[in-house]
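Step one of this worksheet: look at the structure below.
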There are 2 protein chains.
Amino acid sequence: MSTEPGTRRRGVAETTAAIESAAIDLVIEHGYDQVTVDMICQAAGISQRTFFNHFKTKDAALLGTDEPAIDQQAAREFIVSDGPLLAEAAGLVRIEPDRLPADPSLIVRRIDAVSQNPMLLARQMERLTAIEDELRQIIALRLRQDAIKAGADDAELADLPEQAEIITHLLAGLMRYVGLSWARRAGDGTPPPIDAGHLTERLGRVIRKLG
Amino acid sequence: MSTEPGTRRRGVAETTAAIESAAIDLVIEHGYDQVTVDMICQAAGISQRTFFNHFKTKDAALLGTDEPAIDQQAAREFIVSDGPLLAEAAGLVRIEPDRLPADPSLIVRRIDAVSQNPMLLARQMERLTAIEDELRQIIALRLRQDAIKAGADDAELADLPEQAEIITHLLAGLMRYVGLSWARRAGDGTPPPIDAGHLTERLGRVIRKLG
DNA sequence: AGTCACTGTTGCAGTCACTGCACTTAATCC
DNA sequence: GGATTAAGTGCAGTGACTGCAACAGTGACT
């Protein structure tokens with residue numbers, strides 16, 4: 001009896017992927033509010049309890065397991081770099097490559113579903129706040145580096161933490177733009193890599209106008 | 001028998017304010033997760049059903065009824081202004097004065113509670129997205145004004161909407177900072193007015209470092 | 001005084017998201 | 001072949017939230 005005589009037997013990754021895929025498809029078809037966890041479970045062929053063993057919340061299943069994180073190597077380079085601060089900082093946050101879903105179309109479907117839904121968008125923002133502390137510290141280090149190079153006095157150095165905080169908040173807003181514009185460019189095909197050069201150039205033009 | 005012989009009699013505003021105040025205090029004391037709607041109801045002296053007649057969700061009670069909105073008069077001045085773009089734009093978003101709670105300390109307590117909690121922060125962000133479209137259009141007008149003054153060519157003008165979008169996202173991040181630092185400065189006393197000059201000066205120093 | 005509409009409030013029953021605990025079954029290791 | 005572990009399940013319970021029906025004051029009209 002190899003055909004599911006009760007408890008399914010598959011790897012964690014497979015089940016997780018099945019849940020994610022089923023959840024996204026259902027939300028795209030019926031809308032976020034109309035989809036219950038029970039429906040997702042039925043579509044994925046599992047029990048509700050198993051669903052919550054794989055995902056902490058319904059939203060988590062829709063956002064997926066690929067959380068944004070700071071690229072530590074890039075962060076070390078960032079601190080001592082001379083390049084444009086904001087554009088470079090935006091490049092620090094990436095999705096861990098080993099957590100990317102096996103099915104690439106899932107990402108596009110997900111962005112489609114998430115961008116339609118304010119609730120999910122808010123949750124996605126919430127994820128970013130998790131790494132904001134880390135980000136602020138890295139930016140503070142970079143500011144310190146820059147200030148020392150420029151021969152700053154003590155009063156200026158003392159103000160850097162506050163400045164780092166402002167920049168971190170600006171960056172949080174910027175990252176939302178990066179995500180959105182990337183999704184927009186992806187359309188319904190395979191997502192293209194983020195164009196760092198393009199972002200840098202455009203940001204440069206924008207920043208000059210802010211002051 | 002004037003003392004609550006069953007159904008309380010007070011205006012909507014009074015009950016709403018009582019709920020908000022009780023909710024905030026409980027969250028500050030016990031933390032978001034530890035506070036149930038039932039607890040809030042008990043503290044405010046109402047039934048659960050009444051709670052949900054006043055607020056759609058538990059989060060809504062904590063965020064309050066005073067939603068941020070754009071000051072239209074200020075917006076008109078902003079479009080033709082020569083001042084620092086980002087700092088001035090941050091001043092456009094205000095809480096409608098007639099929706100301010102009677103008890104001024106409530107705002108400070110609320111920001112305190114909200115800033116502690118990622119869940120609530122996300123919800124607050126969600127509210128801001130409601131006015132982001134409007135904000136983007138205003139910024140686009142200002143950019144156009146500036147560009148024409150500077151004698152920009154068609155290619156530059158065509159890029160302005162995209163730039164406006166980036167700035168709007170940066171601004172969304174900045175507003176979070178403004179709220180936080182304002183609450184921090186308020187401490188536990190009466191909230192002081194936001195110091196526009198201070199913000200402008202500090203932002204100017206920061207923006208120079210972004211490029 | 002009697003009726004009427006309105007407002008603020010309530011209880012109750014039910015759905016949905018989510019959790020803790022105890023338990024089964026299938027694969028794996030020794 | 002028995003012990004261990006990984007994946008999954010059932011169940012009972014909590015907390016957020018909704019729809020429905022009802023009830024009590026408040027004022028207004030007659």
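Each chain gets a letter, A, B and so on, in the order its sequence line appears, and its residues count up from 1.
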Is a side-chain donor or acceptor of [X] paired with a backbone partner of [Y] at a separation under 3.5 angstrom?
{"X": "A:T50", "Y": "A:I46", "answer": "no"}
{"X": "B:T16", "Y": "B:V12", "answer": "yes"}
{"X": "B:R110", "Y": "B:L62", "answer": "yes"}
{"X": "B:K58", "Y": "B:V35", "answer": "yes"}
{"X": "B:S21", "Y": "B:A17", "answer": "no"}
{"X": "A:S115", "Y": "A:I111", "answer": "yes"}

Tell me: [atom1] of [X] to [atom2] of [N], nearest whole Å?
{"X": "A:E14", "N": "D:dG8", "atom1": "CD", "atom2": "C1'", "result": "15 Å"}
{"X": "B:Y32", "N": "D:dG15", "atom1": "OH", "atom2": "P", "result": "14 Å"}
{"X": "B:Q34", "N": "D:dT14", "atom1": "CD", "atom2": "P", "result": "16 Å"}
{"X": "B:M119", "N": "C:dA17", "atom1": "CE", "atom2": "P", "result": "15 Å"}
{"X": "B:I19", "N": "C:dG8", "atom1": "CD1", "atom2": "C1'", "result": "11 Å"}
{"X": "B:M39", "N": "D:dG15", "atom1": "CE", "atom2": "P", "result": "10 Å"}
{"X": "A:N53", "N": "C:dG20", "atom1": "CG", "atom2": "P", "result": "11 Å"}

Handout entry: Phosphate-side-chain proximity, A:H54 and D:dA7, N/O vs OP1/OP2 below 4.0 Å
Key =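 For D:dA7, neither OP1 nor OP2 has a side-chain N or O of A:H54 closer than 4.0 Å.
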Problem - D:dG8 phosphate, OP1 or OP2, under 4.0 Å from A:T50 side-chain N/O - result: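 No.
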Handout entry: Pair pattern of DNA chain D in dot-bracket, where unpaired bases get dots and | marks partners in another strand, Watson-Crick or G-U under 3.5 angstrom
Key = ||||||||||||||||||||||||||||||
Handout entry: Residues A:S105 and A:D103: side-chain donor-acceptor under 3.5 angstrom
Key =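 Judged by distance alone, the side chains do pair up.
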Problem - Flag for B:R127-B:Q124: side-chain donor and acceptor within less than 3.5 Å - result: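 Checked: B:Q124/B:R127 side chains show no N/O donor-acceptor pair below 3.5 Å.
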Handout entry: Letter per nucleotide, 5' to 3', of nucleotides 16-21 of chain D [B base touched, S only sugar-phosphate touched, - untouched; heavy atoms, 4.0 Å]
Key = SBBBB-
Problem - Pairing residues for A:F78 by the side-chain contact (heavy atoms from CB on, under 4.5 Å) criterion, not counting sequence neighbours - result: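 Result, side-chain contact (heavy atoms from CB on, under 4.5 Å) vs A:F78: A:L85, A:E88, A:A89, A:L92, A:I138, A:I139, A:R142.
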